[in-house]
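Per chain, numbering begins at 1; letters A, B, ... match sequence-line order.
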Amino acid sequence: MTAGAQRATLVPDPGSQDATIPVLAVAAGTELYGFPLSAVREILMPPPLTEVPRAANHFLGVIAVRGEIVTVVDLSELLRLEDRDRQPLGRVILVDVAEELIGVAVDRVVQVAQLQSDQIEYASAMSADLSEYVVGVARIPSESVATSEEMVILIDPRALLGGLT
Amino acid sequence: MSDLRDNVQQEFLAEAQELVEALSRDLLLLDEAHQRAERPDASLINEIFRSVHTLKGIAGMFGYKHVGAIAHALEDLLDDLRLGRLDIGDPLLDVLFDSVERFQRLLSLEDPQSPEETPEVDAYVAIVRSIGNQPASDDGDPLHRYAIGSAVLSVLTEYEEHRLRACIREGMQLYRLRATFDLTAIDDSIEALRDVIRDDAEIITYLPSLEGGNDESIELVVLLASRVPESELKAHFEGQYGAVEAIEEQTHLPTIPPQLTSIPPGTQSLLPQPEEESGQASLRSVANSVRVDIRKLDDLMNVVGELALVRTAVGRAISGLDGDPKYKHSLRELDRLGRGFERQLAELRTRILDVRMVPLGQVFSKFARIVRQAAREHDKQVRLVVTGANTEVDKLIVEELADPLMHLVRNAIDHGIESVETRMRLAKPSEGTLALNAYHKGRNVVIEVEDDGGGMHAQKLRETAVSRGLLTAEASHDLTRQEMLNLVFLPGFSTNESVTDLSGRGVGMDVVKTNILRMGGVVSIASEQGIGTKITVTLPITLAIIRALIVKVGGRLFALPISAIREAVPFSQQDVRTIQGRKVITMRGETLPICDLTPWFGLREVEHQASRFVIVCEMGNRELGFVVDDLVGQEDVITKSLGQTLSSVRGFAGATDLGNQRLALVLDTPALFSEYFSSSEVQPSMEARA
């Protein structure tokens, strides 16, 4: 379970014409976050977690996935989302980060969205001061009846999870 | 594509490394023989020649041109040596020893073709060549004094001729053995003969005789050199093989010109040449072994772990059927099969572990060269004595062990063993002894590095520690002698520039200790001034599987490696006293510091703990009791790393799967010890005394 040779990216290959980027949209708190599908290995029903004492708050613990020990981080905690009680685990998505596979605990998996590159508003083009792991934002069709579109924040998993301590 | 190239490259490097190690080992034997003023064993020189020859070959294939150039020059030099055109001597040995270092450096380069290396390599090659140009002393050709027969002489290879000369020079008697061999099994028979003869005599060559033999068999004339008296040799071989006759030394020279035609052409091909034959032997041994990436063994071990889990699950499913009379018969059968399966699984695990084991000699052989070098540098005489080189440990441990042991060996020579003059003055043997001993002790392997040098001056160590601000002068007065010796393990105890004015040692001893602890081992010092120093390293045999005590702390399961545990005793809160803020209990009249793991790990106390336990652990010469909520049982566990992300969390060596998706964190006892004992409130005088 090592990292794939090519880097999972949300930035389309400039050479390719009709670049669609598959993105896994997940819910954490009240927001939607998108991970490049190419970096997601697996979506798990939450297995029993083993807490690691003395680890930082955003580490929920470790789980066993086919003989490997995988660290699970809490996305909400990591993103310092407020207005949130610790809920029962929704899903754990296994994300490939450089040297390691890391489990990211999310409340819900929402959908896989096929994003066209022109649907993405890149952070570099925005004036807002965003965290370095935010690649940009995109709008995807909403599941709820109240709105037709929802905003999904696109995440660079390496920037978010690489070198985490 | 690049992966493939990497793989091939890795394999080359692994093989080259092995060859260089073998070279290093053999050179040492050669040196030993030379120091004892013995003539080196011909097969040893051949072995060295072959290593270099093979290295040259593969270096060429993989574009390591510098390695190839050096190997090529050495090959020529060694060829001269084995053909007796050169005499062995210190300059020659120095050049050979030097090559080992050069090979290792060149093999570690990013760019094997690096032009920066060229001048250095060229210079070395020139030295090698210059040594090769000093021909051996020639004391006249003794060959013609024997009635060997010019027909035979003319077909000898240069090497055989050299061996023949060398044997005569050493005063061996030459013999001719006539033996008849079955044509269909000739290779095996010759091999068998070789084995039988080896102890008594050296086979120079064998040639088919022109007389004996028929369609099925062939008579060979075997030319032997031996120190064994003729009668004894006859008794050994006559019945089994054929006539033995001595070849007498003659006073007149034979005048018969060589007759090349006396040997039928083509016959020679029947005969395995000694050279080629040994080449085949080594090829065969290569074919019987496979180089395996250690990670593949880890994967296999994982599968075994998974299988064990499946087995448990099946067991649970079966027990669900229990009590149903309908299945009574089948259940018994399933139970029996289940047990058989478990046995096989245990066997599989043992076998895989066995594959990971390599003899410690692999590391020790590296030291032989270092000892020789370091002794030369310091102009000391050091004899290296190795025992237990066959002691096997996990490959990973062997790799990890090389650096710490290297430190210990160097320290023993640099600071332990005295100069020749000092030793003479002290009426010690002028040659110091450095012993490397390895042996198994229970589930551990013990390695001792022992020297008969000056020993360590405990008081000086104490003064040094105080002067470096590692402890206060007041605190230092309470130290026992053993505690003073242990000061060398403190980080920052010694720095390179201070080495010379220290009577003790200490270069990087803290690093040594850390490395050993990381492997789950312990290191301890014993030293007597004027007599010597012994550093003892105790390590688990394998890192892959450890026996652990499963305990409950704060409602969670943890595994505590049993190697560090001395005993587990019931704990009662009333017994706890406090000394300078530290909790201690008294056990058999001794004060034992204790550490309650629940608050230590920041876990919430579980209420209504009826009976808690103190697990007394031992590390080096310190003791510490861990207070836990409950004991669950013993298990063999495979420790898996927590991964990069959690590597900064202290106190856990990894996690282990207890089955049924339950994980337990494996406690890192050495880390917990050092954390406990180095935390700020404690002074060295407070530490548990051995």
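A/Ile102 touches chain B through its side chain: at least one heavy atom from C-beta onward sits under 4.5 Å away, while N, CA, C and O do not. Residue contact with chain A, scored on non-hydrogen atoms closer than 4.5 Å, involves the side chain of B/Phe652 exclusively. Residue B/Leu603 touches chain A through its side chain alone, counting heavy-atom pairs closer than 4.5 Å.
Without hydrogens or angle criteria, A/Glu77 side chain to A/Asp74 main chain gives no donor-acceptor distance under 3.5 Å.
Both the sub-6.0 Å distance and the 45° axial angle are satisfied by B/Arg582 relative to the ring of B/Tyr676. Taking the ring centre of B/Phe673 as origin, the terminal cationic atom of B/Arg622 falls outside the region bounded by 6.0 Å and 45° from the ring axis.
Taking the six-membered ring for Trp, B/Phe558 and B/Phe601 have ring centres closer than 6.0 Å.
For the options B/Val553, B/Val303, B/Val649, heavy-atom pairs under 4.5 Å to chain A are most numerous at B/Val649.
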